[in-house]
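To start, the structure under review is shown below, and the notes come after it.
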Amino acid sequence: MTDSEILVEVRDLKVHFPIKRGVFLDRVVGHVKAVDGVDLRIPRGRTYGLVGESGCGKSTLGRALLQLTPPTGGEVRFDGVELTRLPAGKLRTMRRRMQMIFQDPMSSLDPRQNVESILTEGLQTHGIGADRDDRRRIIGETLDAVGLPRWALSRYPHEFSGGQRQRIGIARALVLGPELIVADEPVSALDVSIQAQVVNLLDKLQDDLGLTYLVIAHDLAVVKHISDVVGVMYLGALVEEASSDRLYSEPLHPYTRALMSAVPVPDPDVEDRRERILLAGDLPSPANPPSGCRFHTRCPWAQPSRCKDERPALREIGGSRVACHYAERIASGELRPHGVSAQVVRPAGEGEAPTAVSAPTEPGSYV
Amino acid sequence: MTTITGKKREKIDRLAELAARDDERGVSLWQEAFRRLRRNPAAIVGAVILGLFLLIAIVGPFLVPHPADAQLWKGEIRDNIGYFPGPRAENWFGVDHIGRDEFSRMIVGARQTLLVGVVSTLIGLAVGSLIGGVAGACAGLGGRWGRAVDNVLMRFVDMLLAMPSLLLAISVAALLGAGLSTVMIAVGVVSVPVFARLLRGSMISQANSDYVLAATSLGVKKPKIALTHVVPNSLAPVIVQATLTLATAIIEAAALSFLGLGNNDASIPEWGVMLADAQRYLDAAPRLAILPALAIIVTALGFTLLGEAMREALDPKLRK
Amino acid sequence: MALLEVDDLSVTFARRGQRTVRAVDGVSFSVDAGQVVGLVGESGCGKSVTSLAIMGLLPKQPGLRVGGKAVFDGTDLLQLDDRSRRDIRGRDVAMIFQDPLSSLNPVIPIGLQVTEVLARHRGMKGEAAQKEAAELLDRVGIPDPRRRLKEYPHQLSGGMRQRALIAMAVACRPRLLIADEPTTALDVTIQAQILELLKELVRDSGTALVMITHDLGVVAGMCDTINVLYAGRVVEKARRRPLFREPRHPYTVGLLGSVPRLDAGRGERLVPIPGSVRDVLAWPDGCAFAPRCARRIDECVGEPPELSLTHDGRGYRCVNPAPVPGTVPPAGTAAPGATAATVAPAEAAEPGATPAPAGIAEPGATAAPAAGGVAGPVPAPREEEKP
């Protein structure tokens, strides 16, 4: 792959949130390592899917990539431009080319703005469109593209259904003509029948406009459906990266295997026949991650030797990238899974830092 | 048969209606809140009370039967045996302790009371919102330096809050001397921390919301985000609080007047002062105390009812 | 007589100045001991209200009307006074909610909350209750249960909280368990743990389970019988395999078409249902799903479709149901008689599977249609799953 085909390149990205205590003087008592050394490349016009369970740092990674959360270390190159050291003004100009779609379409739309004003805001900020009429034309085209009627313009977010709101959110990102769209859980707040509409819309927009997506979701089936390449995150780091078909047919990392086997499939025959790999216990706290391989505390294939002490690096095995010392031996069946006793995990410091919670938030205590 | 198919046509039309929505303008949250407010009986009662109060305060002084400060019936008063002429055709609410028409004084007093309530609330609202707005914007969007600014401002507000409100008012009065403006400033200062904390808290929670993040990702500058997104969405609780503060401001102003810190110009009647004056004649002519007290209570009730109704109307949890 | 017979349950909310809302409208289903019945639907379909109505947990408010019957072991739960309902609740019927944190009292240790249930319904006290509580926590897979008893809900992770809640629910060995989206707030790996735990409970203690969820995948792996709800009514009810193999109601077909499947190939477009849940027709005016339905015909509007029942409890509420896959004759090659013959064995095979224990796969059941289908052509192969 030549450099011009890669739109986004992330190198050793780290986002650590300080845990502060104290009333007057904030004393840093530790760090939540939400993202801890992630490398990934997203080719232009492709979809990179990022999966993982809550608290694995996938949302933080998406935000850090867009510089919405300042990274602690590492590099993010967007079309050859290093974003982490870009001055604020330049970064704002760059934002036109990289947009975001949010999980909760209600809380990500200002309840006091009507659709026209929501869509005009970005255009005005970047000086797109010569005058009001020109902007209206652009907005009209965008509405058509996302499948919203023109009368939506004068309406307010609360007058729409969930799926339509998500379309407004997509239109807001799209109206600037971006190249990259980071979609953070784009369908998880929607009803099942609506999810498919939005997934298909994202697919169609990519075909029509050649967009590059980074889709972040906890729903493996959705991510697999929409992505070309899928990265699986566990406790702030990638544990496996493979093409979406390969990830399903040949998962190499034990965590990916467990994740795959845990996703319910709406087919009784498949459900009855498949073997479940039940993981013991919960996700360890990212404030105090396990030593060595972070998955070793729950891994059914964990070995007494290297797993506890040595953090495995991502290495290439037959087209996938896997961070496991024993991936080949597990794949060949040489190593057998063994029982793991659950360890107690404290929810303190669980999840990501309060500023980067991906859970839907109520838009204020009043209106 | 025809009716059945006719009915069916109707239903199919309804179906088409569902598919293609009508083309009317959207309803903003404010409009919707107002609609909800109109449906609430408490809001209507409150609004009627306040409407009357406003009307009296504005046009009342021009229509009073007697001048409010003229001691026209001084001769009829028997101070030593505690006799003041009671309600009669000429003086509907009777005569006060120095022979003035109580009814006219009540009417003219309404304007003063409204003035005290509104001005002191405005002082609190303006100063409090300024401090709270700056602190909230700094804390929510300003990064490290913003948090420092916020810290300084809020410690100042905490100091204000730590002082007992009456004590604060009395010290302001001691500083500026007794008078109507003193009362207004004192009552206003007392409500500053309430507004400041309220707006700041509300702004911080809004600043953490997804739509602010969305605006940031659009590339909108922070001051603009604060003004166009954060502030408008944080105003609702402040507006509710202002309505409720109007009620307490009137009561507090009356309390200060009652303590003798209020208006010492006897020619301009004010309900709190009237109440204070009446205390000496409580056993002889209780109506002199009851009437202004009742007026204060009813007005405060009006503001409270409206405020509570507004809180309900603006509450997102009741939206839908 | 089934353990729980819900018959024509309806819940209406009448608000002054607003249209009366029929949240649940004539829902009927029954649950036997050791059986798992699923109520599936999207938000607003009335599945949660159904469960709350059965449990008598709907907030008391003017204008609320609950009609119909919910007969549990001979007593109508809807007719009980508060006192006897409280007695039954927790002892015979228990419920698990979606959000474990808000269902647990945050200021009382887990242990006390569990022993409270034991004391109330089983009269256990002191050390005996403590011991039993620890055993319960151990049974639901909470490590180091003795110590957990002294801890508060916020000290446990989401999965552990849900386990604690299940422990409380099963503390009195209830005969019926109602689980309202028990895994929606949890991650997939934790969801798998909890679902496995619920399956075990049903298998080991013969508890009847009513599973309320929006996730078709969860239903596919657990439930014996499934009721699909839309706008407050059951639009399709069937046993698990027939429902997924031969969905008849267009809504069920649409739901199955809009879920991306993990085992599907890349590039397959989903088939969404157009519109949103808001675009409903009031049931008295016709089929509520009609505005979104791809198979809509004139008969859909005018009067509500009846729930047409076939044998073995299979039923759908549709005047123009989706054809059974494999029975549509490809350009008139198969005679109508042969078509009917194909349907019959496919469905007749199911009763054979009925006595099988809940949730256990019956290898014979899948093979049966082919064996029995000698009269007609072998049913067309359904979507073949990859291993």
Side-chain angles (χ1 to χ4, degrees), chain A residues 24 26 63 66-70 88 91-96 98-115 117-118 121-122 124-126 149-159 169 172-173 176 182 184 354-358 360-367, chain B residues 20-33 36 140 143-144 147 151 155 198 201-222 224-225 228-241 310-311 313-320:
Chain A
F24 278 105
D26 291 342
R63 284 167 196 207
L66 292 179
Q67 308 297 311
L68 292 170
T69 302
L91 182 63
R92 265 204 299 279
T93 329
M94 282 295 274
R95 291 207 181 281
R96 182 184 165 174
M98 40 187 204
Q99 281 298 306
M100 184 155 178
I101 300 171
F102 294 84
Q103 171 180 15
D104 182 8
M106 191 67 214
S107 73
S108 66
L109 299 171
D110 185 340
R112 297 200 185 283
Q113 275 187 317
N114 62 18
V115 173
S117 134
I118 288 171
E121 189 171 30
Q124 275 176 341
T125 307
H126 293 281
R150 297 290 171 108
W151 52 255
L153 280 179
S154 68
R155 300 286 178 110
Y156 292 81
H158 64 104
E159 297 174 276
R172 170 175 59 191
L176 297 180
V182 175
D184 187 358
T355 48
V357 191
S358 58
T361 45
E362 183 78 23
S365 53
Y366 286 83
V367 188
Chain B
R21 290 267 170 70
D22 49 334
D23 191 296
E24 60 186 42
R25 285 195 67 80
V27 185
S28 81
L29 285 183
W30 291 118
Q31 286 167 313
E32 216 188 63
R36 265 199 305 271
R144 212 163 147 198
R147 277 196 290 277
N151 227 335
R155 292 301 82 77
L198 201 60
S202 169
M203 279 178 74
I204 288 176
S205 80
Q206 294 297 316
N208 286 328
S209 65
D210 274 358
Y211 62 83
V212 169
L213 196 68
T216 315
S217 77
L218 283 178
V220 184
K221 288 183 182 164
K222 280 185 176 165
K224 198 178 168 213
I225 293 178
T228 57
H229 295 292
V230 181
V231 170
N233 280 296
S234 314
L235 281 182
V238 177
I239 292 169
V240 171
Q241 183 60 38
M310 273 165 72
R311 190 204 297 282
L314 292 169
D315 193 333
K317 289 189 192 74
L318 300 168
R319 192 195 301 159
K320 181 70 203 174

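Within every chain, numbering begins at 1; the chains are lettered A, B, ... in the order of the sequence lines, protein sequences first and strands thereafter.
Of the atoms belonging to A:Met98, it is backbone heavy atoms, and not side-chain ones, that fall under 4.5 Å from chain B. Looking at B:Thr228, both its backbone and its side chain come within 4.5 Å of chain A, counting heavy atoms on both sides. Interface remark: A:Thr125 contributes side-chain atoms only to the contact with chain B (heavy atom separation under 4.5 Å). Contact annotation for A:Arg150: neither backbone nor side-chain heavy atoms come within less than 4.5 Å of a heavy atom of chain B.
Note that the OG atom of B:Ser217 and the CZ atom of A:Arg95 stand 7.0 Å from one another [nearest 0.5 Å]. Taken to the nearest 0.5 Å, the CG atom of B:Leu213 stands 9.0 Å off from the CG atom of A:Leu66. The CZ atom of A:Arg112 sits 8.5 Å away from atom OH of B:Tyr211, with the distance rounded to the nearest 0.5 Å. Between B:Leu218 atom CG and A:His126 atom NE2 the span is 6.5 Å, to the nearest 0.5 Å. Taken from CE in A:Met100 to OG1 in B:Thr216, the straight-line distance is 10.5 Å, to the nearest 0.5 Å.
A:Gln67 meets the side chain to side chain donor-acceptor pair (under 3.5 Å) test with no other residue; sequence neighbours excluded. Evaluation of the side chain to side chain donor-acceptor pair (under 3.5 Å) rule for A:Glu121 yields B:His229 as partners, not counting sequence neighbours.
Summarising the local packing, NZ of B:Lys224 is surrounded by more than 12 heavy atoms from other residues, nucleotides or ligands at distances under 6.0 Å.
Counting all heavy atoms, side chain and backbone alike, B:Asn233 lies closest to A:Pro111 at OD1-CG, 3.3 Å. For the pair B:Ala214 and A:Ser108, the tightest heavy-atom approach, listed with the atom from each and the gap, is CB-O, 3.9 Å.
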